[in-house]
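This is the structure, below, for whatever I ask next.
Quantities reported herein were computed from a predicted structural model and do not represent experimental measurements.
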Amino acid sequence: MKTIILDQIRGSEQGMLQLLEELVNIDSGADALAGINAVAQRIGAFLEVLGFTVEYLETDGAPVQLLARKAQPGKKQVLFSGHMDTVFNQGTAAVRPFKVENGRAYGPGVLDMKGGLVMALYVIRALLENGWQETDMTVLLCGDEEMSHPFTDAVAQFKKAGAGKDAVFNLEFGRVDGSVVTGRKGTTRPTLVVEGIASHAGNEPEKGASAILELAQKTVAIHALNNFAVGTTYNVGVVSGGTMANIVADKAVGEVDVRFKTIVEAEKSIADVQRIVETNYVPHTKTTVTGNVIKFMPFETTPGVQRLYEHYASQAEKLGLAKPGQQYVGGASDAAWPAMTGAPTLCGVGPCGAGAHSDSEYIEVATLTERALLLASCIMELDEL
């Protein structure tokens, strides 16, 4: 049976490309809720034909989530996780539609991460159409990953779906060298708003309280928190304030990016930023903060994560493919949530390419088939895990 399943995948490249073209040419950015829904409906229809029970989890005014289940008599339970949204605005697909040139597929979201979604669908189809019954399968795809889930319960859904699974495969893209991801940093994005007192900078500077000076002091204090040894980083990346050079500024705003490797550091970063917010450097100024909450927890490289990676890599050797490396990356993903429940989780198992979030985004077409073979083999040999 395994040989038949793998042979079907080897013959599926054109089908994968056709479905990929269809999905890429649907705008599904934050301003295209209808497009995200259209992607969900197309994927849901694909899975329903294969016997999945499909639910569309809706939140008023927010992107839809897709939850699909296929109960099987086998003992192993697998979750395929990912997202249907992209970072590109409505109209991008019309200007820059899907195309294939010189062995590479281009288009908005082709790498991040519609290529991974299509690859997984064809793995699932090959397994089920050839009688594979050893794996209970769940598919959970959100529509707001790029927005960090501001209005939906996607985080809770990923945790619930991941709990107790034997393996979780997050369908984010593989790195250009073929590596998968076994660890990611988590993030917070606090914004500091400083209110001061305006005055004429020439005539009555002593009557003012500079919000810009206060923010500058806080910026220095925040950057002093950087701890590269443990991987916790702070960056005040955007600042604004004031109206004219001859007016003491009565308002200033600073946008901060914080990254961390562990849950302990995540909680510490929240407290450290809050401490600086509450510290007053310039008398008569006041600072408030929004967004000083965890957007993504870190995806920690647990023993279960490492075991799943070694299992995945061993299947490459059996298939005669190059052994994929493993990377720890700074960007966050939804792989964090099921991993927090203790489920062995692997991220970046999708096709390989580069240029995510840019106009030059692409995947190597050959890796659609290669990564599909790897994923299918990994699932069929889960007893080795």
Donor-acceptor list for residues 321-332 side chains, cut-off 3.5 Å, not counting sequence neighbours:
residue	atom	partner	partner atom	Å
Gln326	OE1	Thr182	OG1	3.1
Tyr328	OH	Arg184	O	3.3

Taking all non-hydrogen atoms of both residues into account, name the closest pair between Phe299 and Cys347 and its distance.
CE2-CB, 3.8 Å

For Thr367 and Glu370, run side chain to side chain contact (heavy atoms under 4.5 Å, CB included): C-alpha distance rounded to whole Å, both residues' side-chain angles, the deciding distance at 0.1 Å, then the answer.
CA-CA 5 Å; Thr367 65; Glu370 290 175 4; 4.0 Å; yes

Could you check whether any side-chain heavy atom of Leu47 comes within less than 4.5 Å of a side-chain heavy atom of Leu66, counting everything from C-beta outward?
yes

Greater than 12 external heavy atoms within 6.0 Å of Lys76's NZ
yes

Nearest 0.5 Å, what's the CG-CG distance between Leu20 and Asn25?
9.0 Å

Taking the side chain as every heavy atom from C-beta outward, state whether Met119 and Leu375 have any pair of such atoms under 4.5 Å apart.
yes

Where do Phe88 and Arg96 land on the side chain to side chain contact (heavy atoms under 4.5 Å, CB included) test, with the steps shown first?
CA-CA 11 Å; Phe88 301 102; Arg96 188 165 51 84; 3.3 Å; yes

Within one Ile-Leu-Val-Met-Phe-Trp-Tyr cluster: Tyr234 and Val289, side-chain cutoff 4.5 Å:
yes

Can Phe80 be reached from Met113 by stepping across I, L, V, M, F, W or Y side chains whose heavy atoms are under 4.5 Å apart?
yes

Please confirm whether the backbone N or O of Ala366 pairs with a side-chain atom of Thr369, one donor and one acceptor, at under 3.5 Å?
no

Answer with yes or no whether the side chains of Glu278 and Gln274 bring together a donor and an acceptor at under 3.5 Å.
yes

When you measure from the side chain of Thr92 to the backbone of Asn89, do you find a donor-acceptor pair of N or O atoms at a distance under 3.5 Å?
yes

Pair Thr135, Met380 - check side chain to side chain contact (heavy atoms under 4.5 Å, CB included), show working.
CA-CA 8 Å; Thr135 311; Met380 287 187 285; over 6 Å; no

Is there a donor-acceptor pair closer than 3.5 Å between any side-chain N or O of Gln72 and the backbone N or O of Trp132?
yes

Any non-hydrogen side-chain atom of Leu225 less than 4.5 Å from a side-chain atom of Val258?
no

Could you give the distance from CG (Leu382) to CD (Gln315), rounded to the nearest 0.5 Å?
8.5 Å

Could you verify whether a donor N or O on one side chain and an acceptor N or O on the other, from Glu172 and Ser333, lie under 3.5 Å apart?
no

Decide whether Met137 and Leu346 are clustered together by the hydrophobic rule: side chain heavy atoms of Ile, Leu, Val, Met, Phe, Trp, Tyr closer than 4.5 Å, transitively.
yes

Report yes if the side chains of Val305 and Glu300 come closer than 4.5 Å at any heavy-atom pair, otherwise no.
no

Please answer: with hydrophobic residues joined when any side-chain heavy atoms are less than 4.5 Å apart, are Val24 and Met84 in the same cluster?
yes

Same cluster (ILVMFWY, side-chain, under 4.5 Å), Leu141 and Phe296:
no

Are more than 12 heavy atoms, taken from residues, nucleotides or ligands other than Glu317, located less than 6.0 Å from that residue's CD atom?
no

Polar side chain donor-acceptor pair, Lys218 to Thr279, under 3.5 angstrom
no

So, does Asn227 use its side chain to make a donor-acceptor pair with the main chain of Val230 at under 3.5 Å?
yes

Report the distance from atom CG of Leu67 to atom CD of Gln157, rounding to the nearest 0.5 Å.
6.5 Å

With a 4.0 Å cut-off, would you call Arg189 and Asp257 a salt bridge?
yes

Identify the heavy atoms of Phe46 and Leu121 that sit nearest to each other, and give their distance.
CE2-O, 3.4 Å

Under 4.5 Å between any side-chain heavy atoms of Ser81 and Trp337, yes or no?
no

Is the distance from the ring center of Phe173 to that of Tyr362 below 6.0 Å?
no

Mind checking the CD1-CG spacing from Ile363 to Leu368? Nearest 0.5 Å is all I need.
4.0 Å

Between Lys286 and Glu214 (salt bridge meaning N to carboxylate O under 4.0 Å), is one present in this structure?
no

Looking only at atom types and distance, does a side-chain atom of Asp166 sit under 3.5 Å from a main-chain N or O of Val78, one as donor and one as acceptor?
no

Between CG on residue Leu127 and CD on residue Glu129, distance to nearest 0.5 Å:
10.0 Å

We want to know whether Asn37 and Glu58 form a side-chain donor-acceptor pair, criterion being a heavy-atom distance below 3.5 angstrom.
no

State, with a plain yes or no, whether a side-chain heavy atom of Val273 is found less than 4.5 Å away from one of Pro190.
yes

Can you list the steps and then say if Lys70 with Leu50 is a side chain to side chain contact (heavy atoms under 4.5 Å, CB included)?
CA-CA 9 Å; Lys70 173 67 173 176; Leu50 298 173; over 6 Å; no

Answer yes or no: is there a donor N or O on one side and an acceptor on the other, between the side chain of Tyr122 and the main chain of Ala372, under 3.5 Å?
no

Tell me, do Leu128 and Phe52 make a side-chain contact under 4.5 Å, heavy atoms counted?
yes

Donor-acceptor pair between Ser28 and Lys114 side chains, under 3.5 angstrom:
yes

State, with a plain yes or no, whether a side-chain heavy atom of Leu319 is found less than 4.5 Å away from one of Ser377.
yes

Does Thr301 offer a backbone N or O that forms a donor-acceptor pair with the side chain of Gln306 under 3.5 Å?
no

How close do Ala245 and Ala201 get, counting heavy atoms only, and between which atoms?
O-CB, 4.2 Å

Strictly by modelled atom types, are Thr152 and Asp144 linked by a side-chain donor-acceptor pair under 3.5 Å?
yes

Could you report the tightest heavy-atom contact between Ala93 and Pro108, atom names first, then the distance?
CA-CG, 4.0 Å

Flag yes if more than 12 heavy atoms outside Lys75 fall under 6.0 Å of its NZ atom; otherwise flag no.
no

Under the 3.5 angstrom rule, does the side chain of Glu48 hit a backbone N or O of Val54 as a donor-acceptor pair?
no

So, for Ala126 and Asn130, which heavy atoms are closest and what is the spacing to 0.1 Å?
O-ND2, 2.8 Å

Quick check: are there more than 12 heavy atoms from other residues, nucleotides or ligands sitting under 6.0 Å from NE2 of His223?
yes

Are Arg104 and Glu364 close enough for a salt bridge, meaning some N to O gap below 4.0 Å?
yes

Please find the pair of heavy atoms, one from Glu361 and one from Gly107, that lie closest to each other, and give the distance.
OE1-O, 3.6 Å

Please name all residues satisfying salt bridge (Lys or Arg N to Asp or Glu O under 4.0 Å) with Lys207, sequence neighbours left out, ordered by chain then number.
Glu204

What do you reckon, is OH of Tyr56 surrounded by more than 12 foreign heavy atoms closer than 6.0 Å?
yes

Could you tell me whether a side-chain N or O of Asp31 sits under 3.5 Å from a main-chain N or O of Gln90, the two making a donor and an acceptor?
yes

So does Gln8 get a backbone contact from the side chain of Ser12, meaning a donor-acceptor N/O pair under 3.5 Å?
yes

Separation between CD (Gln217) and CG (Leu213), nearest 0.5 Å, reads 5.0 Å

Hydrogens and angles aside, do Thr188 and Asn292 bring a side-chain donor and acceptor to less than 3.5 Å of each other?
no

